[in-house]
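The structure presented is a predicted model; accordingly, all values stated were derived computationally and were not measured. Every chain is numbered from 1, with letters handed out A, B, ... down the list of sequences.
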Amino acid sequence: MAVSPLKKRAYFIPTGVLLSLLFSLYLMSHATESNSEFNGLFSALILVNIAGTIFLLGLLISNIRWLWQQFSTQAVGSRITAHIVLLFFAISVVPTGIVFYFSSQLLHQSIDSWFDAKIDTAMQSSLTLSRRSLDNRTLSLMKETRQLANQLENETDIFLSLTLAGLRAQTNANELTAFSKQGQIIATTNLDPGVLIPNTPDSSTLLLAKQNREFIGFEPSSDKGLIVRTIVEIRNTNPKRYLQAIYTVPEDISELAGSVEDAYTAYQEFSYLRNSLKFSFTLTLSLALIFSILAASWAAFVFARELVAPIRQLVKGTQAVAEGDYEKKLKTNRQDELGFLINSFNAMTLRISSSRTEANNAQRDAENQHAYLETVLSHLSNGVLGFDLALRLKTTNYGADQILEHPLTACIEFSLAEIAIKCPELEAFTSLLIDKFSAKEKEWQHEFVFSINHQKKTLLLKGTPLYAADKTLSGYVLIFDDVTPIIQSQRNAAWSEVAQRLAHEIKNPLTPIQLSAERLQRKLHSQLDDDANKVLRKSTDTIVQQVSAMKSMVNDFSNFARPPQSKPQVISISHLIEDITALYQGQVQHLIVTIDDHLPNIYADPIRLRQVLINLIKNAQEAIADDDNGEINISANYKKDCNSIKICIADNGPGVDNSDIERIFEPYSTTKDKGTGLGLAIVKKIIEEHGGTIIIKPVMPQGANFIIQLPVTNP
Amino acid sequence: MLNKNLKQTYPYRCVSCFMLILALLFVPASTLADEKPSITIKTATLSFQDKTYLLNARISYSLSKEAIEALHNGVRLSFNVDLSIIESRKWLWNKHHHSLTLPYQLRYHTLAEIYQVSDTSNKLQHNFSSLTAALNALGTLSDIPIHAIASNNNFSADISLKAYLNIEALPLPMRPLAYITPGWYIRSNTFQWPLVH
């Protein structure tokens, strides 16, 4: 991941603070030296360091909070970040802690070692010695002051200053001052005439002098030397007067005493500051320790974040790839192994993406091909069945369902034996296929005749093995076609030809025969007697009648061969049925008509349909003629699934033998004593001309049911 | 002399303020709240004589046991008396016209067993045989000339006076602890009175 300039800038402030703190710590360590010029900045430096440490602590807390949030939300990379930070923390804390502990111990021991009981005693002794030395000297000076005071007995205040000046000249005193009990200066004299204000004792000294009648003490002078202050009560004065004499201690003694005092004070101060010194050093060390740990912790976060960022990117990238986003590209400017990893990931996703595109294209092509084949197969009137090597049905099409009149789509993955069990009517068909495919012939062709739904069908089967791309046998394909209509049409065509020739050949002599018979009757009527006339008339009538019957039969033949031109129009099939059945209401005892409401109109020739219905009703009427319980059921309903009208004309007559059912619609196929046997053939022809179908089914326990299906078409 | 004092005062005051803030952070608030001021300004006047303002004040110093212990162990205690001329403004913050610091030092002379009070700015020192006398002298400001205030100031101003122990003048190792120890919090409240021209 490329570190954005903003993020880089975000590191500037903490880095600046770190460097500043480092410099501040350096100054602080220098400031602790007694003669350092940074001495005055010590407190400020502590403050700066504490503020910096608080800043770093805040930085660390915010980073820990960020990590905690990442950890709670199970964010990618949070665990590895936590591990790195903890590792860094442990690595930094342990050694710095050890260094801190031993440094602190060493420091404390070193400071303690500076102070020794012997040195304490020596310093105290030297101070006492100095005091004793000065005491001896001050005692003699005290005596001298007493003598001076004695000389001032009975002296009045007026002469006191003159007397004092004289006395000072006789002694070593620097200054002589006489003052009252209240401390009021009465007279004073000084070795230095420029000094106008005497060195007066403080109130407590004066009090001591008044209490003890005398006082002696030494004290530092303003010029770094020592002076001895003696105060003695002047006797026989009223009010009370006191004489104060100030002597200067010789310079060499003063220097020595001052030196001892300075050394002792310095040692005493140093000893007193021992704990403070330890505290200060410990504070400095602690700040350095805290600073180091905080800086290391922050650095750990920075390092972990930098390290985890590309890993997090990679995880997100892999998640995106897992979710199918192969266009995911990861950005990086890194030149290290992680950068190499990200670049490899990008290359991988690019390859996957291109492979996926190719696979998609191939799949799309295959799907298109498949859809194309499906469309072709589904719209193919031929039946196509595909089998695997175990002769399990893999593929079927609409044509196969229609031809075999079984929904083979429901038998996908069924073996041929299982299909035979499920559809017993297809047993012969499946047995043939098992035999043929088991024979392992390369290609085979077979004409197969079998009955299904009481209809005889002739199928032309063509089997072929199916080879995979690697030329191995992967299954079998069967293509078959129902050639029954072709055979039927060929037969019809032959019959039409026969009928046409027959009609032509028969019709030609019929008219001359009829005319000749009528002529015979007309010419011979007058020449014959009554008996002969009767015979003649009967014979000629029979001839004319039979010729008419033959003409009618020939016309039927002619109609079968050359049907009149169809005149289709939009008609209501329910009205048509109602009109026709109305004609038979009186003739048939039990005529039941059931027509659905709202039957759609169809586009058909009403005259020819009327011919069909009358023919079928007439057939039914004839079938039940000998039965008192004869019944005809006529029904019509709409079949939405195939958009057609289904008309059923059923009777409970004797029915049709199974052997006759298959051939009942063929010309000259009749079970009746009278008739040409063309009625049902013409009915079927008319129905087929309208695009419909007609079948006959036996009715249980007896009877026959003609089922017509007419498509609902528009002009 | 005055300018020098002013120059030295500012950074030290800043540091003192910072350290005071730090001390307030570290020391429980109740501790300082219960602490009575150890320095009390009893009286303070500014009189005008011979074209010069003279300061007279009576300040009562009271040292804590920590301060006394340090004093007897050779530590010099520095006290500052800060004087400021403040112009009160209605809509803005107060304006400090002049600030003056009078530094004093108190030390114990081990050899002579006396207390020394030094006026650091005038390099004067006085010896006292007792601490009470020394503190008494330290708290007596008599006729201190304040040259910084001009007589022709025509604004209404207040004079503020406060005295405190200068922790920054303590030996270096003592300072961190002194800032967080209430015993070293030796200072007065600000004593303020109007300047009369």
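With rounding to the nearest 0.5 angstrom, the OG1 atom of B:Thr110 is 9.5 Å from the CD atom of A:Gln124. One distance of note links CZ of A:Phe279 with CD1 of B:Ile180; it measures 4.5 Å at 0.5 Å rounding. Taken from OH in B:Tyr179 to CG in A:Leu47, the straight-line distance is 9.0 Å, to the nearest 0.5 Å. From A:Phe218, atom CZ reaches atom CG of B:Asn127 across 11.5 Å, with rounding to the nearest 0.5 Å. One distance of note links CE of B:Met174 with OG of A:Ser280; it measures 10.0 Å at 0.5 Å rounding. To the nearest 0.5 Å, atoms CG (B:Leu111) and CD (A:Glu219) are separated by 12.0 Å.
Listed options A:Leu127, A:Leu208, A:Asn275 were ranked by heavy-atom pairs under 4.5 angstrom with chain B; first place goes to A:Leu127. Note on B:Gln125, B:Glu69, B:His109: by heavy-atom pairs under 4.5 Å with chain A, the leading option is B:His109. Options B:Ser118, B:Ala70, B:Ser130, B:Ala133 differ in how many heavy-atom pairs under 4.5 Å they form with chain A, and the most are formed by B:Ala70. Ranked by heavy-atom pairs under 4.5 Å with chain A, the list B:His126, B:Glu113, B:Gln116 is led by B:Glu113.
Heavy-atom distances place no part of A:Ser271 under 4.5 Å from chain B, backbone and side chain included. Only the side chain of B:Ile114 has a heavy atom closer than 4.5 Å to any heavy atom of chain A. For a residue to count as touching a neighbouring chain, one of its non-hydrogen atoms must lie under 4.5 Å from one of that chain's; by this rule B:Ala134 does not touch chain A.
Heavy-atom neighbours of A:Gln184 CD from other residues, nucleotides or ligands within 6.0 Å: at or below the threshold of 12. The 12-atom threshold is exceeded at CG of B:Leu92, counting heavy atoms of other residues, nucleotides or ligands nearer than 6.0 Å.
Contacts between residues 72-80 of chain B and chain A, counted as heavy-atom pairs separated by less than 4.5 Å, involve B:His72, B:Asn73, B:Gly74, B:Val75. Proximity to chain B at a heavy-atom threshold of 4.5 Å picks out nothing from residues 243-254 of chain A. Taking 4.5 Å as the heavy-atom cut-off, the residues of residues 258-266 of chain A that approach chain B are A:Glu261, A:Tyr264, A:Thr265, ordered by number.
Remark: A:Phe55 engages no residue in a ring pair (Phe, Tyr, Trp, His ring centres under 6.0 Å) (not counting sequence neighbours).
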